[in-house]
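Here's the structure, in structure tokens; my notes come after.
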2 protein chains.
Amino acid sequence: MLSKKTKYGLKALTFLASQKDKAPIQIAEIAKEENISQKFLESILLSLKKSGFLGSKKGKGGGYYLIKEPQEVLMTDVMRVLEGPIAMVPCVSLNFYEKCDDCPDEKSCSVNKLMLKVRDANLTIFRNNTLADLIQ
Amino acid sequence: MLSKKTKYGLKALTFLASQKDKAPIQIAEIAKEENISQKFLESILLSLKKSGFLGSKKGKGGGYYLIKEPQEVLMTDVMRVLEGPIAMVPCVSLNFYEKCDDCPDEKSCSVNKLMLKVRDANLTIFRNNTLADLIQ
DNA sequence: TGGATATCCTATTAAATCTATAGGGTAATT
DNA sequence: AATTACCCTATAGATTTAATAGGATATCCA
């Protein structure tokens, strides 16, 4: 299942990407428009800022704004920050590889074999979709 | 993340599929060979039996055995029983469809749009892989 | 300079899910 | 009749997720 965090994060990013100009949008407005708990969204936007997707401005007229152009924001990067590893098991993960302690040999592991295919399929999707592709 | 239940279930199915004949294999043997908690595996095999993948025999010389030929066991079916819906959000699920209560219009939802692509990619993988493909 | 605004940060809680264990019941075989 | 091995329910511990609370910090503007 996709976590609410990822769902909300994607919606917020799309909302920001679909704005005409790049004037900061307040958390409250995004939360209202997208039906998201404001406090929860607050922490999500903060993590998106820390990972380099968003910029922010404090005080009156402040808010969040996209740093890059939507077509430059790859879904691989967004998903890794919001949802975590793309692979369903650590032993097929590119960025978060970890050996299974119960599995003596990966080469002959059926789970490894299947999940490798799943990972590749998902990577293909996420690499070929940017924030721009999610709009409209 | 893939649940342990699914991981263990897949390993058990593969183990049974790679047997020479179709003599029943005991839970204890599968658990030992695949490094799985025996009691946990017990409940997994039971659910695989109830969903029509396995048969069982009680008493001495008893155990579990595959009902169909490995090449006839589709991963779509196995995954749905062990892991649940293949879709990452209910609004793009074929078998477990549910409308999002926070989303006014699916057609214009960015999450829906992306997850539809992910679902199709995963369905393609699971439809084109059988238990036979996981062996060796 | 001070008040209003809005992000930033930490901690905590409530709920749900996952993983595993316990303990006995039931059916089949020898 | 005893043994074997699956069958079934309940429960507990751990982890993760989702949300809330409360205040600190930075910015703007009159």
Side-chain angles (χ1 to χ4, degrees), chain A residues 1-12 16 23-32 34-67 81-85 88-90 96 100-102 111, chain B residues 1-12 16 23-32 34-67 81-85 88-90 96 100-102 111:
Chain A
M1 273 287 284
L2 195 74
S3 69
K4 299 264 186 186
K5 179 183 176 184
T6 303
K7 187 182 178 185
Y8 295 161
L10 284 173
K11 286 198 169 194
L16 290 173
I25 310 284
Q26 298 161 26
I27 298 175
E29 186 183 341
I30 305 175
K32 190 185 167 196
E34 300 290 347
N35 296 305
I36 305 171
S37 149
Q38 181 168 338
K39 272 293 186 180
F40 192 22
L41 181 60
E42 212 175 296
S43 68
I44 297 169
L45 294 180
L46 198 57
S47 83
L48 285 172
K49 185 202 168 183
K50 287 181 177 172
S51 43
F53 295 101
L54 300 179
S56 69
K57 197 182 164 189
K58 288 184 178 178
K60 189 167 188 179
Y64 282 99
Y65 52 90
L66 265 187
I67 284 186
V81 164
L82 291 173
E83 190 75 4
M88 294 187 78
V89 280
F96 304 88
C100 296
D101 49 355
D102 62 312
V111 178
Chain B
M1 274 286 286
L2 197 75
S3 69
K4 299 263 187 187
K5 180 183 176 185
T6 303
K7 187 181 177 185
Y8 295 161
L10 284 173
K11 285 196 169 196
L16 290 173
I25 310 286
Q26 298 161 25
I27 297 176
E29 185 182 344
I30 304 175
K32 190 186 167 196
E34 301 290 346
N35 296 305
I36 304 171
S37 147
Q38 180 166 338
K39 272 292 186 179
F40 192 22
L41 181 60
E42 211 175 296
S43 69
I44 297 169
L45 294 179
L46 198 58
S47 84
L48 284 172
K49 186 201 168 183
K50 286 182 177 171
S51 43
F53 295 101
L54 300 179
S56 68
K57 197 181 165 189
K58 288 184 180 179
K60 190 167 187 177
Y64 282 100
Y65 52 91
L66 265 187
I67 285 185
V81 163
L82 292 173
E83 189 74 5
M88 292 188 79
V89 280
F96 304 87
C100 297
D101 48 357
D102 63 311
V111 177

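All chains are named by letter (A, B, ...) in the order of the sequence lines, taking the proteins before the strands, and each is independently numbered beginning at 1. Note that this is a predicted model, so its numbers are computed, not measured. Computed from heavy atoms alone, side chains included, the values below leave out hydrogens, waters and symmetry copies.
- Between A:D101 and B:N35, the closest side-chain pair of non-hydrogen atoms is not below 4.5 Å.
- Contact annotation: the side chain of A:Y65 never approaches that of A:L54 to less than 4.5 Å [non-hydrogen atoms, C-beta and beyond].
- Distance B:L54 CG to D:dA5 P: 18 Å, rounded to the nearest Å.
- Rounded to an integer number of Å, the gap from B:N35 CG to C:dA20 C1' is 16 Å.
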Protein-nucleic acid N or O pairs under 3.5 Å, nucleotides 7-13 of chain C:
| unit_1 | atom_1 | unit_2 | atom_2 | d |
| --- | --- | --- | --- | --- |
| C:dT7 | OP1 | A:I27 | N | 2.8 |
| C:dT7 | O3' | A:S56 | OG | 3.4 |
| C:dC8 | OP1 | A:K49 | NZ | 2.5 |
| C:dC8 | OP1 | A:S56 | OG | 2.4 |
| C:dC8 | OP2 | A:Y64 | OH | 2.0 |
| C:dC8 | N4 | A:E42 | OE2 | 2.4 |
| C:dC9 | N4 | A:E42 | OE2 | 3.2 |

Distance-only criterion, 3.5 Å: show the donor-acceptor pairs between side-chain atoms of residues 39-46 of chain B and protein atoms not counting sequence neighbours.
| unit_1 | atom_1 | unit_2 | atom_2 | d |
| --- | --- | --- | --- | --- |
| B:S43 | OG | B:F40 | O | 2.8 |

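- Contacts of A:D102 classified as side-chain hydrogen bond (donor to acceptor under 3.5 Å, both in side chains), with partners at least two apart in sequence or in another chain: B:K7, B:K11.
- Regarding contacts with the backbone of C:dT21, a side-chain N or O of B:S37 is found under 4.0 angstrom from either OP1 or OP2.
- Heavy atoms only, all atoms of each residue included: A:S47 and A:V81 are closest at O-CG1, 4.5 Å.
- In this entry the distance linking CG of B:L48 with C1' of D:dC6 reads 14 Å, nearest Å.
- Residues A:Y64 and A:I25 are not in side-chain contact: their nearest non-hydrogen atoms beyond the backbone lie 4.5 Å or more apart.
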Protein-to-nucleotide contact annotation, 5' to 3' order, nucleotides 12-18 of chain D [B base; S sugar-phosphate only; - none; under 4.0 Å, heavy atom]: ------S

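- Partners of B:S3 according to the side-chain hydrogen bond (donor to acceptor under 3.5 Å, both in side chains) rule, which considers only residues two or more places apart in sequence or in another chain, are B:T6, B:E83.
- To the nearest angstrom, P of D:dA5 lies 14 Å from NZ of B:K32.
- Both A:G61 and A:S43 sit near DNA chain D, but only A:S43 has its closest nucleotide nearer the 5' end.
- Under the side-chain hydrogen bond (donor to acceptor under 3.5 Å, both in side chains) criterion, B:K49 pairs with B:S56, sequence neighbours left out.
- Nucleotide C:dA16 holds its P atom 13 Å from the CE atom of A:M1, rounded to whole Å.
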